[in-house]
Structure formats: C-alpha cells, structure tokens
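Inspection log for the structure reproduced underneath, given as structure tokens.
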2 protein chains.
Amino acid sequence: MSELIAEPSTTVAPPKNHGARAWELMYEIFKASKPYVESVASSFELTPQQVYALKGLQRDRPLVMSDLATFLGCDASNVTAIVDKLESRGLVERRSADRDRRVKALLLTPAGQDVLDRINDRMQLPPPAINNLDASDKVTLCEVLGRALDSLNAS
Amino acid sequence: MSELIAEPSTTVAPPKNHGARAWELMYEIFKASKPYVESVASSFELTPQQVYALKGLQRDRPLVMSDLATFLGCDASNVTAIVDKLESRGLVERRSADRDRRVKALLLTPAGQDVLDRINDRMQLPPPAINNLDASDKVTLCEVLGRALDSLNAS
DNA sequence: TATTGTTATACTCTATAACTATA
DNA sequence: TATAGTTATAGAGTATAACAATA
C-alpha cells in the first residue's frame, strides 16, 4: 500500500503521508479533549499536572524528586512547587533517605491514596472523542499506540 | 469482544478498559513528542502555538480574530498577543473589514506564506513515535483517529 | 445595548542559573 | 568537586474581567 494519500493534482493541499496526518489528528483530539481533562482535575481541586504527578506515585517503588521530574517530562526545579502543593494538601509526604540525606522519597499519604483511587475510577471514562469509538476501534487504537510507544523504548 | 482487559485478580492495578488505556497511551506519546515539536517550531524561531496559528491561516477563507481563537481552542484575549508577534515578524497582516470595522481579517503575507510552506514541508515528518510505525499501522491510525474526531463533529 | 477586539491581571507550566546541604 | 533538591526569575500559554470602538 502506498505511503501517500492519493489526491487529484488539482487539489490545493499538497499530498500528505499517513504518519503526518495521524499526528495532525492526534493533535486535534488532544485540543478537543483539554476541557474534559481540566474538568476532571478541577473536580478534585487539582491541576492536570498535579493529577498526573499523583498517578506517577502509584507505582510499586517510591519515587524520589528527580524520578518524578523524569516521569512528568519537566525540569526538576518545577517538581518542588508541584510537590509543595500536594504536600500542603496532605496528599503526599517527603521523606529524606537515611543512606543519602540529599535524596527525598515521595510517599502517598492515606488521603493521597484515597484521592488517587477516585481519580483512577473517574479516568476509566476517557474523553468523548475516544469514548465514542466502538469497542473494536478502542482495541485497535491500544495496539497501534502501544507499538508506537514501544518503538521509542526499543531504540 | 469484552470491553475490559482480562487481568488476574491478584494484579495490583485495577482492570482497565481499552478506551482509558488508549487515552493514557496518547498522553504518553504526546509527552514524548514535545521536544520534537518544540525543535521544529524553534527552527523557524516560532513557538508551537505560533506555528499552529499559521497553519490555521492556510485555509481558503481568511479567518478573523475570533475564528483563530476557536481554531486554537483558547480565549480571544490571547489571540491578540499571538497575532501581535506574527505581525511584528511580518508574517501576518490585520485588515479591518469594510462592512464591520470591529472585525479584523487575518491574512498571510508573502513572507508568512513562505514560512508556512516550509513548516508544512518539515511537518511531513511526524514525531519519532508515529514515524516508527509501519505503513499499515499509520493508515489504521488515521482511520481510527479520523472516526474519533468525526464523532465529535457529528454530535 | 450587544459585539469585536484589546488591555490588565493572574495563575499554571516550563526552563535556566545560582544556591544549600549533603556526599 | 559533584549531586539532589531548592529558590529566583523569566517567558509561554491560559482565563476572567473591564474597557474602547463600532454596530
């Protein structure tokens, strides 16, 4: 199958390959889903980034500040403020490691675990664009996006 | 086919439906692609939002300020600053409509059209996660994401 | 009065650089 | 010296509210 979408040469738009088109569609869906994401976060009186940080802490192994920065894909300097807010809400606790007191482990408090459980419940319902797909399209999307993400870790 | 991913009951994570999982994967791919998007934009000395605004202006019909706000999915008050920057770069021109002088049409200048052409060329190559997919996965992704986006316009 | 675009302001998210306390 | 985290600062992107010009 051709990599290019066949289009009459009289069309104004240039021919576009499917990879570029898929990326454009992902961008559109993301933009359209932003109000949904923000409404979910604000229903917990959190920002989307704070929600995502909590999700990073649900792992089996406790994260330290720099791990959370990697998980969030942002600079470590920002994580201080994010964790400050979560800590002031009583959702997260900083604990200095005994072996190296520079390092701070991040632990969910019971209240934090409770909020996270409710967030996870709520997030079982994805934004409308995704939720409107039929079951087989959802499965297909998981498979293809899974391969896309795996291709990054493999290289 | 079941909507739920079958998992042993001893698994720590709760069972997750494919819609929620697909959304999570999209989020991961977006996060991983951010450096790529920023490098493309900054190679034109533009921010990602400015690039996206230019792309909005390549339509057959000229946009006015409020149209661009809708296209960008942000409040109209922000579009003023975005267009200010593009105008100061000589890429875009504001022109008051004759029939209603409150309304300002946005036009690409020749320089703006030239930059946009180069942006479109460059964007034929999507971020690595998408580009690494094989041709048939790219086509499938276009089809499924197209249906997802259509479902929003249909409702 | 209502609408288009602007200005003023504030908050989130982000990065860089300088700092501290440990190692 | 080097590293983990913090603080200070700045810029992009966002929203709300008040405003000017025009309808």
Side-chain angles (χ1 to χ4, degrees), chain A residues 27 30-42 44-54 56 62-89 92-107, chain B residues 27 30-42 44-54 56 62-89 92-107:
Chain A
Y27 196 98
F30 236 81
K31 189 182 67 180
S33 299
K34 203 171 52 169
Y36 177 86
V37 169
E38 278 166 0
S39 77
V40 169
S42 73
F44 295 100
E45 297 182 276
L46 295 168
T47 66
Q49 187 74 314
Q50 287 164 358
V51 167
Y52 199 57
L54 284 178
L63 299 184
V64 302
M65 297 292 285
S66 58
D67 293 333
L68 186 53
T70 302
F71 177 76
L72 295 174
C74 71
D75 189 85
S77 61
N78 301 302
V79 177
T80 298
I82 292 169
V83 171
D84 281 350
K85 280 173 201 139
L86 293 174
E87 198 169 34
S88 73
R89 285 276 301 271
V92 160
E93 187 193 332
R94 279 176 173 96
R95 188 173 299 175
S96 288
D98 290 334
R99 52 176 183 81
D100 182 345
R101 288 178 31 235
R102 292 174 303 181
V103 173
K104 290 178 186 166
L106 299 172
L107 302 165
Chain B
Y27 197 97
F30 235 81
K31 190 182 64 179
S33 301
K34 204 172 51 169
Y36 177 86
V37 169
E38 279 166 358
S39 76
V40 169
S42 72
F44 295 100
E45 295 181 278
L46 295 168
T47 66
Q49 186 74 312
Q50 288 166 356
V51 168
Y52 198 57
L54 284 179
L63 299 183
V64 302
M65 297 292 285
S66 58
D67 293 332
L68 186 53
T70 302
F71 177 76
L72 295 173
C74 71
D75 190 85
S77 61
N78 301 302
V79 177
T80 297
I82 292 170
V83 171
D84 281 350
K85 279 173 202 140
L86 292 175
E87 199 170 32
S88 74
R89 284 276 302 272
V92 161
E93 186 193 332
R94 281 176 171 96
R95 188 172 300 174
S96 289
D98 290 334
R99 50 175 186 79
D100 182 345
R101 288 176 33 231
R102 291 174 304 182
V103 173
K104 290 180 185 162
L106 299 172
L107 303 166

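Order of the sequence lines sets the chain letters (A, B, ...), proteins ahead of strands, with each chain counted from 1.
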Please list, pair by pair, any protein nitrogen or oxygen found under 3.5 Å from a nitrogen or oxygen in nucleotides 17-20 of chain D.
none

Where B/D75 and B/A69 come nearest, the two heavy atoms and their spacing: C-CB, 4.2 Å
Atom-to-atom span, OH of B/Y52 to P of D/dT14 - whole angstrom: 11 Å
Parallel, tilted or perpendicular, as decided by the 30° and 60° cut-offs, for the rings of A/F71 and A/Y52: parallel
For atom CD of B/Q49 and atom P of D/dG11, their distance in whole Å: 18 Å
Geometric class of the B/F30/A/F30 ring pair [parallel <30°, tilted 30-60°, perpendicular >60°]: parallel
A/R94 CZ to A/L106 CG distance, which is reported to the nearest 0.5 Å: 7.0 Å
Residue whose nearest DNA chain D nucleotide is more 5′ - A/E38 or A/V103: A/V103
5′-ward residue of the pair B/R94/A/P48 relative to DNA chain C: B/R94
Close N/O contacts between protein and nucleotides 21-23 of chain D (under 3.5 Å):
{"unit_1": "D/dT22", "atom_1": "OP1", "unit_2": "B/R101", "atom_2": "NH2", "d": "3.1"}
{"unit_1": "D/dA23", "atom_1": "OP1", "unit_2": "B/R101", "atom_2": "N", "d": "3.0"}

Sugar-phosphate, base or nothing in reach of B/V79, heavy atoms under 4.0 Å: nothing
B/S66 vs C/dG5: side-chain N/O to OP1/OP2 distance below 4.0 Å: yes
Whole-Å gap separating P (D/dG5) and CG (A/D84): 13 Å
Where A/E45 and A/R89 come nearest, the two heavy atoms and their spacing: O-NH1, 2.7 Å
Approximate separation, where rounding is to 0.5 Å, of A/T47 OG1 and A/I82 CD1: 7.0 Å
Nearest heavy-atom neighbours spanning A/P62 and A/L107: CB-CD2, 3.9 Å
Length of the CD-C1' vector between A/E45 and C/dC11, whole Å: 16 Å
Any A/K34 side-chain nitrogen or oxygen under 4.0 Å from OP1 or OP2 of D/dG13: no
d(CE, B/M65; C1', C/dT6) in whole Å: 8 Å
A/T80, nearest nucleotide to its side chain (from D/dT14, D/dG5, C/dT6): D/dG5
Nucleotide D/dG5, atom P - distance to CD1 of A/I82 in whole Å: 14 Å
Nearest-Å distance for atom pair NZ/P, residues A/K85 and C/dC11: 10 Å
Phosphate OP1/OP2 of D/dG11 contacted by B/T47 side-chain N/O (<4.0 Å): no
pair A/L54-A/L46: side-chain heavy atoms closer than 4.5 Å: yes
Separation of atom CZ in B/F71 from atom C1' in D/dG13, rounded to whole Å: 16 Å
Atom pair CZ (B/R102) and OG (B/S66), whose distance is rounded to the nearest 0.5 Å: 10.5 Å
NZ-OG1 distance between B/K104 and B/T80, expressed to the nearest 0.5 angstrom: 8.0 Å
